[in-house]
Participant: 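Sharing a structure, written as structure tokens. Questions coming.
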Amino acid sequence: MARITPLESDNVPQQVRKAFEKFASPREGDISNLYATLAHSPLASEIYLQWYPLYEKVQALVGDRAAALYGYSVSYAYNCQLWSTFFRRLLIQLGDKPEALALNDHEKKLMNFGSAIATHKGCINDYVYGDLARYHNREEMVVLIAFAGQTIATSIFSNVTETDLDDCLLDFVPAKFHV
């Protein structure tokens, strides 16, 4: 059960609702439990909603599948049920089986990078950085690192608040989170 009850949809401040709809509405439908909880602070909502433009930039850099794999590797390694489930659902919707992924070299490096960032709190080995940097220029690496950081920030928030999963995610929970 969530530590902070999400605001009811009708009680979400208009500026938060508009920002959420700008970034998430076509994909996610009504405001998610995470963002309804963040809506208790419009400033926090505004900051955390910047996750969406970063994710879109990652998608533009590496494609939809690799972006979902990257987000999954970060959130799964960070032990965040909400975001792991979110990305697992995306992978399944893209036709993948998250427990039996066939990865090319770039995807392996991307997932190793994301997992290492989350597992080692950003203190990663030079070879892990270098393996991925062979595929990306400095600007792209900044975007990938920033996205991992933003995903970890939202994972921290959802873990601390014990945000309940949205109904649309319930069928996609990774096995490690089943109790």
Side-chain angles (χ1 to χ4, degrees), residues 1-62 64-96 98 114-115 117-119 121-122 143-179:
M1 182 169 180
R3 289 180 169 150
I4 299 174
T5 305
L7 291 178
E8 293 294 325
S9 191
D10 296 342
N11 295 331
V12 171
Q14 192 59 29
Q15 78 183 74
V16 173
R17 177 165 295 288
K18 282 184 179 182
F20 182 82
E21 289 170 355
K22 175 182 174 185
F23 294 121
S25 183
R27 290 179 294 255
E28 300 303 312
D30 201 18
I31 194 163
S32 68
N33 288 334
L34 175 65
Y35 289 104
T37 303
L38 279 160
H40 286 283
S41 167
L43 176 59
S45 295
E46 182 181 332
I47 291 166
Y48 277 81
L49 278 166
Q50 292 307 304
W51 180 92
Y52 284 99
L54 265 176
Y55 185 62
E56 289 173 355
K57 184 67 173 176
V58 171
Q59 287 175 302
L61 292 175
V62 300
D64 291 345
R65 179 177 190 262
L69 289 167
Y70 184 54
Y72 186 68
S73 70
V74 172
S75 55
Y76 192 84
Y78 199 79
N79 205 38
C80 180
Q81 180 184 27
L82 188 145
W83 285 106
S84 294
T85 303
F86 174 86
F87 285 113
R88 186 172 185 276
R89 180 186 69 166
L90 284 180
L91 289 168
I92 291 168
Q93 289 173 338
L94 290 168
D96 272 305
S115 179
I117 289 171
T119 301
K121 299 174 180 67
V143 169
L144 292 168
I145 295 163
F147 176 72
Q150 189 72 3
T151 299
I152 290 168
T154 56
S155 293
I156 289 170
F157 185 86
S158 64
N159 283 354
V160 171
T161 60
E162 295 183 354
T163 302
D164 293 327
L165 293 179
D166 297 290
D167 290 343
C168 65
L169 298 176
L170 294 176
D171 293 335
F172 301 95
V173 178
K176 86 173 194 175
F177 295 107
H178 289 286
V179 194

Participant: Side chain of Arg89, backbone of Leu169: donor and acceptor closer than 3.5 Å?
Facilitator: no
Participant: Name all residues meeting the ring-ring contact (aromatic ring centres under 6.0 Å, His included) criterion together with Tyr76; count only those two or more places apart in sequence or in a different chain, and write none if there are none.
Facilitator: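 Expected list: Tyr72.
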Participant: Once ring-ring contact (aromatic ring centres under 6.0 Å, His included) is applied, do any residues pair with Tyr78, and if so which ones, sequence neighbours excluded?
Facilitator: none
Participant: Of all heavy-atom pairs between Asp164 and Asn33, which one has the smallest distance, and what is that distance?
Facilitator: O-ND2, 3.0 Å
Participant: Applying side chain to side chain contact (heavy atoms under 4.5 Å, CB included), name anything that partners Ser45, two or more places apart in sequence or on another chain.
Facilitator: Val16, Leu38, Ala39
Participant: Which residues pass the side chain to side chain donor-acceptor pair (under 3.5 Å) test with Lys121, sequence neighbours left out?
Facilitator: none
Participant: What pair of heavy atoms forms the shortest contact from Ala36 to Ile31, and how long is it?
Facilitator: N-CG1, 4.0 Å
Participant: From Phe86 CZ over to Thr154 OG1, what is the distance, rounded to the nearest 0.5 angstrom?
Facilitator: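 Those atoms lie 9.5 Å apart.
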Participant: Please round to the nearest 0.5 Å and tell me the distance separating atom OG1 of Thr85 and atom CG of Leu90.
Facilitator: 11.0 Å
Participant: List in chain and number order the residues that pass side chain to side chain donor-acceptor pair (under 3.5 Å) with Gln93, two or more places apart in sequence or in another chain; answer none if no residue qualifies.
Facilitator: none
Participant: Taking side chain to side chain contact (heavy atoms under 4.5 Å, CB included) as the definition, give me every residue that meets it alongside Ser41, ordered by chain and number, with sequence neighbours left out.
Facilitator: Leu43, Ala44
Participant: Of all heavy-atom pairs between Thr5 and His40, which one has the smallest distance, and what is that distance?
Facilitator: O-NE2, 2.8 Å
Participant: More than 12 heavy atoms of other residues, nucleotides or ligands under 6.0 Å from CD of Gln14: is that the case?
Facilitator: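 Correct, the count exceeds 12.
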Participant: Side chain to side chain donor-acceptor pair (under 3.5 Å) with Thr163: which residues, sequence neighbours excluded?
Facilitator: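 With sequence neighbours excluded, Thr163 shows a side chain to side chain donor-acceptor pair (under 3.5 Å) to Thr161, given in chain and number order.
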Participant: With sequence neighbours excluded, what pairs up with Thr151 under the side chain to side chain donor-acceptor pair (under 3.5 Å) test?
Facilitator: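 Only Trp51 meet the side chain to side chain donor-acceptor pair (under 3.5 Å) criterion with Thr151.
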Participant: What's the separation between atom CG in Leu165 and atom CZ in Phe172, rounded to the nearest 0.5 Å?
Facilitator: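 These two atoms lie 12.0 Å from each other.
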Participant: Suppose we screen for side chain to side chain contact (heavy atoms under 4.5 Å, CB included). Which residues come up paired with Ala148, at least two apart in sequence or across chains?
Facilitator: Tyr70, Val74, Ile117
Participant: Of the options Ser75, Ser73, Pro174, Cys80, which is the one that meets Phe87 in a side-chain contact (heavy atoms from CB on, under 4.5 Å)?
Facilitator: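 Only one of Ser75, Ser73, Pro174, Cys80 forms a side-chain contact (heavy atoms from CB on, under 4.5 Å) with Phe87, namely Ser75.
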Participant: Roughly how far apart are Asp166 CG and Leu82 CG, rounded to 0.5 Å?
Facilitator: 6.5 Å
Participant: I'd like to know whether CG of Asn11 has more than 12 heavy-atom contacts from other residues, nucleotides or ligands below 6.0 angstrom.
Facilitator: yes
Participant: Give me the atom names and distance for the closest heavy-atom approach of Val173 to Gln81.
Facilitator: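 Distance-wise, the nearest heavy atoms are CG1-NE2, 3.5 Å.
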Participant: Could you pull out the closest heavy-atom pair between Thr119 and Ala77, with the gap in Å?
Facilitator: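 Heavy atoms only, the tightest pair is OG1-CB, 3.6 Å.
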Participant: To the nearest 0.5 Å, what is the distance between CG on Leu54 and CG on Leu144?
Facilitator: 10.0 Å
Participant: Partners of Asp96 by salt bridge (Lys or Arg N to Asp or Glu O under 4.0 Å), sequence neighbours excluded?
Facilitator: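 Result, salt bridge (Lys or Arg N to Asp or Glu O under 4.0 Å) vs Asp96: Arg65.
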Participant: Output all residues satisfying side chain to side chain contact (heavy atoms under 4.5 Å, CB included) with Leu61, sequence neighbours left out; order by chain, then residue number.
Facilitator: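 Side chain to side chain contact (heavy atoms under 4.5 Å, CB included) check on Leu61 returns Glu140, Val143.
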Participant: If you look at every heavy atom in Met1 and Glu162, which pair is closest and at what distance?
Facilitator: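 In terms of heavy atoms, the two residues are closest at O-OE1, 3.4 Å.
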